[in-house]
Amino acid sequence: MALKFDTRFDPAYGKGVTVAPDVLRITAKNPSPFTFHGTNSYIVGCETLAVIDPGPDDEAHLRTLLEAIGTRPVSHIFVSHTHRDHSPLAARLKQHTGAAVLAEGRHRPARPLRTGEVNPLDASADTDFVPDIALPDDMVIDGDGWAIRTVLTPGHTANHAAFALEGTGILFSADHVMAWATTIVAPPDGAMADYMTSLDRLIERDDRLLLPGHGGPVTEPRSFMRGLKTHRKMRERAILERINNGDRTIKDMVEAIYRDTDPRLHDAAGLSVLAHLDDLVARGLVHSDGAPAIGGIYSPAT
Ligand SMILES: [Zn+2]
């Protein structure tokens, strides 16, 4: 089945949109080629609330969140991962509400930096973030009329978590699965093998509705995620084909494989190809001169 992205989305900046019973979505005004219209924060509950992904450190967004919260207490702030468009506002929202901040852990790369490698993702990482409570996989936090289960989904980042709203079939999928585009999986922060394992895990869960960190809901999660999986497998095959046909550098592969993609995204595409190559070299399907790196030379495995 062909993968179909859904790019219809009204961010409705400055106000909350009810997306499910007792679930309000508030989109921060930080649009970009990577964040689509901006980061979605979610407010869960009716009386004592939870906030999922407070968003970027943005004054207007904080004001909108506090207006939507009103006089109601907030007991928990859940953070899906430590990118600057998701976690930084947690600290100020905590100051205002006194809520505990929960996340898998601090920012860390999925693999160590290799000799001579600079981390191109440093600017996007919120390295200051420290959760009050570190969430292990499958932990259920009971709130006031809601319960949220941690579903660890590494891949986009090593500490990425999705959150299931127990008893509703709703999963807050953050940046792991989004309706509008594929997820960026870029080493060293992200890892393709982890991403694929996490995708399989969500396919098995069979949730009814995914509410992502950017853009609108995924209304048929299982078939959509199967499509995502096929898409990655096709990309992997395309990379193998380019190498078998003589491409040796990531730059050449990106120019061929992503010729229809916005050139502003070509650096990110290069990292995505590197993510596949990390995985392909580890599986013995591609040879690289030394550990896979963005400037590496790749050739068919013999
Ligand atoms: Zn992210």
Side-chain angles (χ1 to χ4, degrees), residues 23-28 30 34-35 38-45 48-58 61-62 64-66 68-69 73-110 121-143 146-166 170-178 183-184 189-190 194-195 198 202 210-215:
V23 181
L24 201 65
R25 181 184 68 211
I26 296 176
T27 304
N30 59 330
F34 299 102
T35 61
T39 307
N40 294 331
S41 301
Y42 294 95
I43 297 177
V44 176
T48 301
L49 309 172
V51 175
I52 296 175
D53 277 359
D57 192 0
D58 175 274
H61 189 55
L62 177 64
T64 309
L65 286 174
L66 291 173
I69 291 163
V74 178
S75 56
H76 300 83
I77 299 167
F78 292 87
V79 172
S80 66
H81 67 295
T82 42
H83 276 159
R84 290 195 169 279
D85 54 330
H86 291 264
S87 52
L89 200 59
R92 286 170 76 197
L93 192 62
K94 178 188 168 168
Q95 274 170 18
H96 281 271
T97 60
V101 177
L102 299 85
E104 190 267 357
R106 297 190 63 154
H107 193 80
R108 64 177 185 281
L121 309 164
D122 272 348
S124 62
D126 179 9
T127 49
D128 295 335
F129 177 85
V130 186
D132 297 320
I133 299 169
L135 291 172
D137 190 32
D138 232 13
M139 168 96 135
V140 179
I141 302 291
D142 282 305
W146 51 262
I148 288 175
R149 181 186 296 272
T150 305
V151 183
L152 293 187
T153 43
H156 174 68
T157 60
N159 64 3
H160 194 284
F163 299 109
L165 189 56
E166 293 287 275
I170 290 173
L171 182 86
F172 298 93
S173 56
D175 285 9
H176 183 60
V177 178
M178 302 178 286
T183 296
I184 290 174
D189 287 15
D194 292 348
Y195 173 80
S198 296
L202 291 200
L210 306 189
L211 297 174
H214 305 274

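Computation of the quantities below employed the complete heavy-atom set of this structure, encompassing side-chain atoms and omitting hydrogens, waters and symmetry-equivalent molecules. Remember, it's a predicted structure, so these values are computed and weren't measured experimentally.
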For the pair W146 and F78, name the ring-plane relationship: parallel under 30°, tilted 30 to 60°, perpendicular over 60°.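 Perpendicular.
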
Going by the angle between their ring planes, with limits at 30° and 60°, are H81 and H156 parallel, tilted or perpendicular? perpendicular

How far apart are the closest heavy atoms of [X] and [Y], and which atoms are they?
X	Y	value
P131	A103	CB-N, 3.7 Å
L210	S173	CB-OG, 3.8 Å
A99	D132	O-OD2, 4.2 Å
A125	H107	CB-NE2, 3.4 Å
G55	S41	N-OG, 4.0 Å

Is a donor on one side and an acceptor on the other found under 3.5 Å between the side chain of N40 and the backbone of R25?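 Not a single qualifying donor-acceptor pair exists.
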
Would you confirm whether Y42, through its side chain, and A50, through its main-chain N or O, come within 3.5 Å as a donor-acceptor pair? no

Quick one, [X] and [Y] - any side-chain contact, counting heavy atoms below 4.5 Å?
X	Y	value
L93	I69	yes
I148	I52	yes
T150	E104	no

Who are the side chain to side chain donor-acceptor pair (under 3.5 Å) partners of [X], not counting sequence neighbours?
X	answer
T183	none
D142	none
H86	D53, D175, H214
T48	D144

With sequence neighbours excluded, tell me which residues meet side-chain contact (heavy atoms from CB on, under 4.5 Å) with [X].
X	result
R92	D57, E59, L62, L89, Q95
N30	A28, T35, T39, P56, D85
A164	R149, V151, E166, L171, R205
S87	V79, T82, D126, F129

First locate atom [atom1] of [X], then atom [atom2] of [Y], and finally report the distance between them rounded to the nearest 0.5 Å.
X	Y	atom1	atom2	result
L135	S80	CG	OG	11.5 Å
I170	L211	CD1	CG	5.5 Å
H76	I141	NE2	CD1	5.5 Å
L152	D194	CG	CG	11.5 Å

Just to verify, what does D128 make a salt bridge (Lys or Arg N to Asp or Glu O under 4.0 Å) with, not counting sequence neighbours? none

